[in-house]
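A short worksheet on the structure shown next.
This one's a predicted model, so the numbers in the text were calculated from it and none came from an experiment.
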Amino acid sequence: MLNLVRTFPGSPCSAFSTLSLPTESLLLYPSADTIVVLDATSLRLVRTLAFSQVFPGRDHTRARITSLAVDPALKLVATSSGPRLAVWSLSGVSVRTWLVHSSLVLPDDKYITALDCSSGLLAVATPSTLSVYTLIMENDLPTWSCKWIRSSQTTSSVYFSPSLVYLAATSEQAKVVGIILTASGRQVQAISHPRPVTNVMWRSAQASSRDSPVLFTVTRDATLRIFIPVLDSPQYMQLHATLDLSISAPPYTPSRKPDNHSSNVFYLDREMFKGVLAAVLKDASDINDTKLRRLQDICDDEWDMFLQVLPDGSLTVRAIANIDRRPPTLLKQLTLLQNIAVSLPHAPSYLRVVRGPTKHTLALVSAPPLSVHVLEPLNFFDSRSGGLTLRGRVHDLDEDSHIKQFVRTPDGSGLAIVRETGGEAWMVRDFGTVLQRTGRWTEADFVVVLNEGRSFATFSTSTCNLTLHTTPELVLPLPSIVSLFSLPPRGAAPYECIYAVTADATPSICHVHALSGETPSLCLVSQIPLPLLSPTAFVLPVDPMGWLSSRGMESIERDVLLSIGRDGELMFWVPEGRRTGWRCTGRVRTGRTRIRMARCSSAKKTVLIVPCVDGEELTIWDSMESEFSSGLEYAKSLSLSDQVHDLDWSSTPDGQSILAVGFTYHVEVLCEQRMTYFDDGPGWGVIRRIEIENLLSHPISDSIWLAYGTLLVGSGHQMCLYGVSRQLESEDAEEGLFEYVARLNGPLADYHPQMLLQCLLWDKLDVVKEILVNLSRDVERWHELHYDVFESSAIPIDHYFEKRRISGMVTSPHRRKYSSLLMGTDDTDELDDQGFSRSLIERLLSYLEATPLPYLKPNEHAHLLVLIQAMLEVDDSRRALDANGFRYLISMRSFYILNKRASAPSSPESRGALSRRTGRRARLRYRDIIWAFHSESQGLLLSASLAACQGKMTWSDARALGVFLWLNSTESMRSHMELIARTEYMNGDSRDPVACSLFYFALGKHRLVQGLWRQAVWHKEQAVMLQFLSNDFTQPRWRTAALKNAYALLGKRRFEYAAAFFLLGGSLKDAVNVCLRHLDDVQLAVALARVTERQDDGPVLRNILYEIVIPLAFKKGNRWLGSWAFWLLHRRDLAVRILVTPLQDVASALDIPITEFGNPHYDDPSLALLFSQLKSKTLQTAKGTSEISGRLEFNFVLQIARVFTRMGCHALALDLVRSWSFDRPSVDTYDSTPHLAPPSPTTVRMFALEPALRRRASIIIDMDLSMEPPTRRPSPEPQESGELLTPCVEETINEEGDLFARKAGLGSLLKTAKQDVQVPEFDMDSFFRSRQD
């Protein structure tokens, strides 16, 4: 998703070194104030070492590293900057772990010019001295002790001999190489050369059979000289051979004359070559091959090889033989290779040979530019083109000034790097993985980059000039500004827009048009102040990254600016037409003050960083603030130890926002998380954490999104680019960031469990069946054809819009037996018209159990299986249930299946691929319980609930299913409580009467309990209980005794038994209090109250609802629970209002004080479903609907549609907004002629309110109509002549969404209901009698 695709560590400013380890080779070189450590075979960045790690107080701007030395024996790296020397040691844990080893500080007037380190000896050269230090370990603390110091000219390089006996030193542009004894510091020889010496090398000790050193020197004319000690004077080095490689160079055309001053000679480590050649020969199949014989000769003759790279990159390899012979006077020279086919881009200044990526290859590392080539010996020495291939290259970044800020073009195709001194402009190429530098500047305070990085403009606060860097440069004077940014123009304009915010108390916006190209131009279009009413803290651009990626959106008016007030108010601005001013398009009141950082995305998501007591707070706000949403989408507390340094937004092609939050040593990438019924998680989540602490040593200075979802991170003067290395021809390319975010927050596949569940809740059973049939076919094809990628069939979107209600199936003439409600299976494999059948779904389940679908989380896949299985079990019952009953049954079966899966081990077929640990739930959600409460099939639901418990429902089962919350029949509740009492008694082998006493006492059957105690001969309390229960508890004496026993049981913490004795003593209120306070069981308290009082108007139940349930619903923000409580309290107007209206507004209509309000929880689409059912169900609900303005309902539907979109159910969101009926009241005139209709106490027919109500066959009258004041004119009275007045013309209220209009419509309904109630019932028998008469 976001992997490290390219690094910009900086180019070597001097010679590099290598360190060979058992498994890999490292390349080290200084770059500015850091040491860069790379993998030598791939040039992959391993890590960097900052000089400030050893000297923290050192100013990094002046701490440029000048020298580097590597001790291969002790694995030490020594570097110097000025008079200071820092040493690191490689940890044995990892090549990324380097520890500060030691340090050394010379006098301030002596800066270090050269270093070498070997086996604990350190050579240090300054402009006037040369000294050697010895490593001493005192109490495990390494220190450097000066061995000797001598006067010397400015030494540019020093080299220990392999035996550590000698030290070779030379100065820049000098023609003399001094040979110094390491032990004493005495110079024993000064070797003169005809030209300046450019390189000095000691022959490796392992290559010689004797201890005498061999010295190689290279002069500026690319001539190699070999010095070997004289036999009778071992301290004197004598010239034994000279190699002028230009003599053996291949012939050149006049345009390709060799330039020895541009050539260089490099020693090829013979031991390294010998090991690789031996491996090649060992694994070769044809030893007689000509190429193999050549390699065999190189190994057998033990030649020392030298490589010369000519200016055009062509290679020449020469060999020297007989160096180890005594006397070494007969040195033999020969040319092994004059390779024109194998070449480098040009002659490098530095080259090393290291082990290659395989045992049969070597790697040539050269610089500049820093690159690595893989050398394949067979082809290389045969002059074939495959002998030397480029494997990697470090981007040429020669800037050593630290990065301050990144600036990009609106679409991320261009980049400006603002450094402490100057900066550069870059173009973004190759899907965001390559950066190409296009220009530089030396000084600027503000910068914008234009034309995809090809040009840029800078602003200087000292001159107040805006300069467009083109040919010629254009200058535009501006007032003093505090920020400068560019935005794309509206439409296809050729220019680009630059905006500058002035430093005035009331900031003005300077709008500049910039045109680069052949005819550049720069002009000020307008300078208009923002009409702000309060002081502002920030004026920021709305990030335009998503504007250009959204197709077909060019003509949409977009917010350009965001102003943030000191009081935390966010205001969004667009320019008025013809640039006459600025218009505010929206406000969000965050309540945050002292905002430190802020950024706004293309989708108008705003992130704020606000200091707090124990750190900082990061919040993300949506611009759509309404009564249903405060705008706050995400909040996270951050510690003081790791503050936020930078923020930046990106956008996917479909407009989803991605946020990068930069901390000191890591970057967190956040995106919106899809809302789900299955997991409770935050609205935003971290999808990637990029750590640089083990890679780069400096803290992060800035991070920025570029085109194609790549992220550039700057640290010190170095950069890392994260993204996806794309291969255009690759079909199995790695998933990119945008694709990953779309999976997390984009539209869901049809078969996703969340889509299936919402379709079931919203009466789209036929759609679910069609999806499952398609999924079964797709899965079977996937398994049979062994496809690597699972492809699913999508159903047409218009299928989601078809009205096929579950409740409509009740009248089907083909409905199946009701026995399936008891969860029994039907052996018949009936096939409906869509192909949905039991066998098909069972095959689908078996496939999914064995192989989970890709891109589904384990939890989501488990819920998919649960929904499919539940759908299969309840499909036969759908025609016997209404819609709400079907919803409850689906939820109930999913609940049991999910809990069963959570407690069962994985199936053998899954082979551990699918985890069943999806989380066990204690009970159904109140949302699921309320569906059963409003169902007209409660008898069938009760039977299904019993069947789910195998006919033995305990109280824990009843509480889990919410039975006593949704049952409406008092007799059903009493009979079901008796069933629970019997089950509690029979549960287990003990037959303990204590377990069932509470329920039997609630039913008033204490004599039955007495009979059970007679059978409990084993119980130690049998005698006492039999004697006590034999009393008459209608008498106050024995009731008091029961209450005393209840209090005694409370002291013994036998709470349930104490509640039973309170019931026996006739104190229902105390029993309920025990359930609430000690057992924390609200459902048990409600059940006891409803059963004991035998009504829903009892004082105890009303007290529970008013004092416990309703405050709890407001505290938790549970609108479902609150709606249920108001319905039981016959406040059904509030039962409807609480689904839509803000909780504070509903609380103001109550007589009880509500002090705590929880999250409003408008994130449940089923709220709209229940509201659509209840708003016209009864007169009270119609009254509650009339209290909801049309605008509020409109915003509520839009909120639910947004929730559907956040859930990934875009098709359902579209269906909701296109099919929702916004009812409008109308006042009609009625004929006063008496109707021949029955006076019904519960229903009224053909009333006049709203079109939706007219479609209903009846409406329940649950209000005292005589107490309602008239809300409209009375019906016309007959005139004296006996004629009726002319009927009034229908009055239509024009105010759309006005609250008054709804109340007027309600008055019409009440008046009509009063008239219809007084109409006599039509009697058919009387009709026939009148006909006979």
Determine whether a donor-acceptor pair (N or O, by modelled atom type, separation under 3.5 Å) exists between the side chain of [X] and the backbone of [Y].
X       : Y       : value
Ser650  : Ile658  : no
Thr851  : Leu848  : no
Ser602  : Gly546  : yes
Asp778  : Ser793  : yes
Arg1206 : Gly683  : yes
Thr590  : Gly568  : yes
Asp750  : Ile795  : yes
Ser651  : Met545  : no
Gln754  : Met1207 : yes
Ser601  : Ser657  : no

A cation-pi test, strictly: NZ or CZ of Arg1218 under 6.0 Å from the centre of the six-membered ring of Phe801 and no more than 45 degrees from its axis. Yes or no? yes

Mark yes or no: Arg558 above the aromatic ring of Phe572, with NZ or CZ under 6.0 Å from the six-membered ring centre and no more than 45 degrees from the axis. no

Among Arg1202, Arg1119, Gln1199, exactly one meets side chain to side chain donor-acceptor pair (under 3.5 Å) together with Tyr1162. Which residue is that?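 Only match with Tyr1162 under side chain to side chain donor-acceptor pair (under 3.5 Å): Arg1119.
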
Indicate yes or no: at least one non-hydrogen side-chain atom of [X] is less than 4.5 angstrom from one of [Y].
X      : Y      : answer
Asn694 : Tyr665 : no
Arg689 : Val667 : no
Leu748 : Arg674 : yes
Ile692 : His698 : no
Ile687 : Val741 : yes
Trp426 : Val449 : no
Leu570 : Arg587 : no
Lys605 : Trp621 : no

If I take atom [atom1] from residue [X] and atom [atom2] from residue [Y], how far apart are they, to the nearest 0.5 angstrom?
X      : Y      : atom1 : atom2 : value
Leu853 : His861 : CG    : NE2   : 5.0 Å
Thr433 : Asp430 : OG1   : CG    : 5.0 Å
Leu2   : Leu737 : CG    : CG    : 5.0 Å
Leu744 : Gln673 : CG    : CD    : 5.5 Å
Leu45  : Arg6   : CG    : CZ    : 13.0 Å
Ser703 : Leu647 : OG    : CG    : 8.0 Å

Ring centers of Phe1204, Trp762 separated by less than 6.0 Å: yes

Name the residue from [options] that meets the side-chain contact (heavy atoms from CB on, under 4.5 Å) definition with [X].
X      : options                            : value
Ile700 : Asp646, Ile403, Ile690             : Asp646
Cys600 : Asp543, Val607, Leu562             : Leu562
Arg927 : Leu1169, Asp1164, Asn1118, Leu1167 : Asp1164

Could you walk me through whether Glu496 and Asn451 pass the side chain to side chain contact (heavy atoms under 4.5 Å, CB included) test, one step at a time? CA-CA 8 Å; Glu496 295 181 77; Asn451 194 16; 3.8 Å; yes

Return the minimal non-hydrogen interatomic distance between [X] and [Y], and the atom names on each side.
X       : Y       : result
Ser486  : Leu450  : CB-CD2, 4.1 Å
Asp622  : Ala603  : OD1-O, 4.5 Å
Gly453  : Thr409  : N-CG2, 4.0 Å
Thr1205 : Ala1213 : OG1-CB, 3.8 Å
Leu696  : Ser715  : CD1-CB, 3.5 Å
Gly736  : Val724  : CA-CG2, 3.6 Å

Checking salt bridge (Lys or Arg N to Asp or Glu O under 4.0 Å) between Glu616 and each of Lys636, Arg596, Arg592, which is the one that passes? Arg596

Residue pair Leu711, Leu721: steps toward the side chain to side chain contact (heavy atoms under 4.5 Å, CB included) verdict: CA-CA 6 Å; Leu711 180 68; Leu721 187 63; over 6 Å; no

Determine whether Arg688 and Glu668 satisfy the following criterion, salt bridge (Lys or Arg N to Asp or Glu O under 4.0 Å), listing intermediate values before the conclusion. CA-CA 6 Å; Arg688 180 76 163 88; Glu668 292 185 352; over 6 Å; no

Do we see a donor-acceptor contact under 3.5 Å between the side chains of [X] and [Y]?
X      : Y      : answer
Glu633 : Trp684 : yes
Ser701 : His645 : no
Ser563 : Trp573 : yes

Is it true that, when you exclude Met624 itself, more than 12 heavy atoms of the residues, nucleotides or ligands shown sit nearer than 6.0 Å to its CE?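 Not buried by this count: 12 neighbours or fewer within 6.0 Å.
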
Report the C-alpha distance between Val501 and Val482 in whole Å, list the side-chain angles of each, state the deciding distance to 0.1 Å, and finish with yes or no for side chain to side chain contact (heavy atoms under 4.5 Å, CB included). CA-CA 6 Å; Val501 182; Val482 294; 4.0 Å; yes

Got a salt bridge between Asp648 and Arg408, using NZ or NE/NH1/NH2 to carboxylate O under 4.0 Å? yes

Lys/Arg-Asp/Glu bridge criterion (N-O < 4.0 Å) met for Asp702, Lys404: no

Report the relative orientation of the aromatic rings in Phe485 and Tyr499; use parallel for angles under 30°, tilted for 30 to 60°, perpendicular for over 60°. parallel

Go through the steps to decide whether Phe406 and Trp705 satisfy the test ring pair (Phe, Tyr, Trp, His ring centres under 6.0 Å), and finish with yes or no. CA-CA 10 Å; Phe406 292 133; Trp705 291 106; over 10 Å; no

May I have the step-by-step check of side chain to side chain contact (heavy atoms under 4.5 Å, CB included) for Glu452 and Val428, ending in yes or no? CA-CA 8 Å; Glu452 297 181 345; Val428 181; over 6 Å; no

